[in-house]
Amino acid sequence: IKMLTKNAMHEIKDIAQTLRPRTLDDLGLIPALRSYLETYKQVYGIPVTFEISGEVGRLSPEIETSLYRISQEALTNSAKYAKASLIQVSIILEEDTILLMLKDNGTGFNIEDYETTRTKKGIGLFSIKERAEGLGGSASINSETSLGTTIRIQIPRH
């Protein structure tokens with residue numbers, strides 16, 4: 001029982017660290033995302049490019065956490081469902097707006113079919129939209145079968 005409890009506590013700590021890494025609190029979104037992407041590439045073996053433009057600085061904790069979790073969800077979906085061989089992540093930081101784009105070259109899917117059968121599937125894309133809208137922004141998801149998926153998040157910077 002002692003060994004099982006110790007292992008369970010270790011797993012809980014790992015899950016908590018994945019959901020909210022210390023790097024996010026200490027250094028901010030960009031370093032935390034870079035770290036996550038490095039781990040992601042090793043775990044899933046999918047190359048990921050990461051581009052940033054604009055003035056990089058700390059954002060509000062709510063924005064940093066939401067954009068980090070949106071990225072995690074989108075990347076996990078690409079690994080689990082898309083069979084992607086390349087993923088592109090880009091962040092554009094403008095004076096009043098933040099744009100996060102995640103694009104994969106995977107299998108893609110029919111948006112209409114997904115929308116009508118969402119209750120039978122996970123809540124990943126719904127969660128992405130909900131997080132973006134919770135920050136006063138928007139999420140658009142474009143996908144076509146065999147052509148990949150692009151997720152575009154646009155939120156106010158302040």
Side-chain angles (χ1 to χ4, degrees), residues 8-109 111 114-115 118 121-143 148-158:
M9 292 301 291
H10 182 69
E11 286 183 37
I12 289 169
K13 186 177 178 183
D14 286 347
I15 290 168
Q17 180 65 22
T18 300
L19 292 175
R20 180 139 186 105
R22 182 168 293 172
T23 309
L24 189 58
D25 290 326
D26 295 346
L27 302 174
L29 175 64
I30 302 304
L33 202 47
R34 275 195 174 112
S35 176
Y36 177 75
L37 293 175
E38 286 305 314
T39 302
Y40 180 89
K41 288 186 244 185
Q42 292 172 6
V43 170
Y44 295 106
I46 303 170
V48 180
T49 63
F50 186 40
E51 296 178 10
I52 305 157
S53 67
E55 186 179 328
V56 178
R58 290 303 301 260
L59 303 166
S60 76
E62 296 82 16
I63 289 174
E64 289 187 341
T65 300
S66 292
L67 291 179
Y68 184 84
R69 297 290 291 132
I70 287 168
S71 299
Q72 279 184 311
E73 185 64 46
L75 289 160
T76 299
N77 285 350
S78 288
K80 286 171 73 174
Y81 307 115
K83 300 177 186 162
S85 62
L86 178 64
I87 300 170
Q88 299 168 308
V89 179
S90 63
I91 297 177
I92 301 170
L93 299 154
E94 297 175 343
E95 187 175 330
D96 296 324
T97 305
I98 300 167
L99 178 63
L100 168 66
M101 290 203 343
L102 302 110
K103 181 177 182 176
D104 71 42
N105 66 349
T107 58
F109 61 96
I111 297 284
Y114 175 81
E115 290 293 328
R118 181 173 64 209
K121 298 184 180 185
I123 59 168
L125 295 179
F126 175 76
S127 172
I128 287 171
K129 286 184 175 186
E130 192 172 62
R131 285 181 190 276
E133 290 169 2
L135 295 170
S138 63
S140 65
I141 300 164
N142 297 308
S143 187
T149 300
T150 300
I151 297 174
R152 185 178 193 271
I153 308 298
Q154 186 167 347
I155 60 167
R157 184 163 182 158
H158 305 288

> Shortest non-hydrogen contact from Ser71 to Leu33?
Replying inline: CB-CD1, 3.7 Å

>> Would you compute the distance between atom OG of Ser140 and atom CD1 of Ile128 and round it to the nearest 0.5 angstrom?
In response: 11.0 Å

> Counting distance only, does the side-chain N/O of Ser143 pair as donor-acceptor with the main-chain N or O of Gly148 below 3.5 Å?
Replying inline: yes

> What is the distance from atom CZ of Phe50 to atom CG of Leu102, rounded to the nearest 0.5 Å?
Replying inline: 9.5 Å

> Should Ile141 and Phe109 be marked as a side chain to side chain contact (heavy atoms under 4.5 Å, CB included) after you check the CA-CA gap, both sets of side-chain angles, and the distance that decides it?
Replying inline: CA-CA 11 Å; Ile141 300 164; Phe109 61 96; 4.1 Å; yes

>> Evaluate Leu100 against Ile155 for side chain to side chain contact (heavy atoms under 4.5 Å, CB included), listing each step before the verdict.
In response: CA-CA 9 Å; Leu100 168 66; Ile155 60 167; over 6 Å; no

> From Tyr44 OH over to Thr39 OG1, what is the distance, rounded to the nearest 0.5 angstrom?
Replying inline: 11.0 Å

> Are side-chain heavy atoms of Thr107 and Tyr81 found at a separation under 4.5 Å?
Replying inline: no

> Taking all non-hydrogen atoms of both residues, which atom of Ala132 and which atom of Ile70 are closest, and how far apart?
Replying inline: N-CD1, 4.1 Å

> So, do Leu67 and Ile91 sit near enough that their side-chain heavy atoms are less than 4.5 Å apart?
Replying inline: no

> Which heavy-atom pair separates Arg58 from Leu24 by the least distance, and what is that distance?
Replying inline: NH2-O, 3.2 Å

> Any side-chain heavy atom of Leu93 within less than 4.5 Å of one from Glu55?
Replying inline: no

>> Taking NZ in Lys83 as the centre, count heavy atoms belonging to other residues, nucleotides or ligands within less than 6.0 Å. Is the count above 12?
In response: no

> Would you find a donor on one side and an acceptor on the other, under 3.5 Å apart, between the side chain of Ser35 and the backbone of Pro31?
Replying inline: no

>> If you compare all heavy atoms of Pro47 against all heavy atoms of Ser85, which two are closest, and at what distance to 0.1 Å?
In response: CD-O, 3.2 Å

>> For Leu37 and Leu75: C-alpha separation, side-chain torsions, deciding distance, then whether side chain to side chain contact (heavy atoms under 4.5 Å, CB included) applies.
In response: CA-CA 9 Å; Leu37 293 175; Leu75 289 160; 3.5 Å; yes

> Are the side chain of Asn142 and the backbone N or O of Thr150 linked by a donor-acceptor pair below 3.5 Å?
Replying inline: no

> Can you tell if the side chain of Asn77 reaches within under 4.5 Å of the side chain of Asp104, non-hydrogen atoms only?
Replying inline: no

>> Please report the interatomic distance CD(Glu73) to CG(Leu125), rounded to the nearest 0.5 Å.
In response: 7.5 Å

> Do you know which two heavy atoms are closest between Ile153 and Ala139, and how far apart they sit?
Replying inline: CD1-CB, 3.5 Å

> Arg34 versus Ile52: any side-chain heavy-atom pair under 4.5 Å?
Replying inline: yes

> Do Glu64 side-chain atoms and Leu59 backbone N/O form a donor-acceptor pair below 3.5 Å?
Replying inline: yes

> Can you tell me how far CE of Met101 sits from CD1 of Ile151, rounded to the nearest 0.5 angstrom?
Replying inline: 11.0 Å

> How far apart are the closest heavy atoms of Leu135 and Ser66, and which atoms are they?
Replying inline: CD1-CB, 3.4 Å

> Ignoring hydrogens and geometry, is there a side-chain-to-backbone donor-acceptor pair from Arg157 to Glu94 under 3.5 Å?
Replying inline: yes

>> For Thr149 and Ser78: C-alpha separation, side-chain torsions, deciding distance, then whether side chain to side chain contact (heavy atoms under 4.5 Å, CB included) applies.
In response: CA-CA 8 Å; Thr149 300; Ser78 288; over 6 Å; no

> Measuring from Ile63:CD1 to His158:NE2, what's the distance to the nearest 0.5 Å?
Replying inline: 8.0 Å

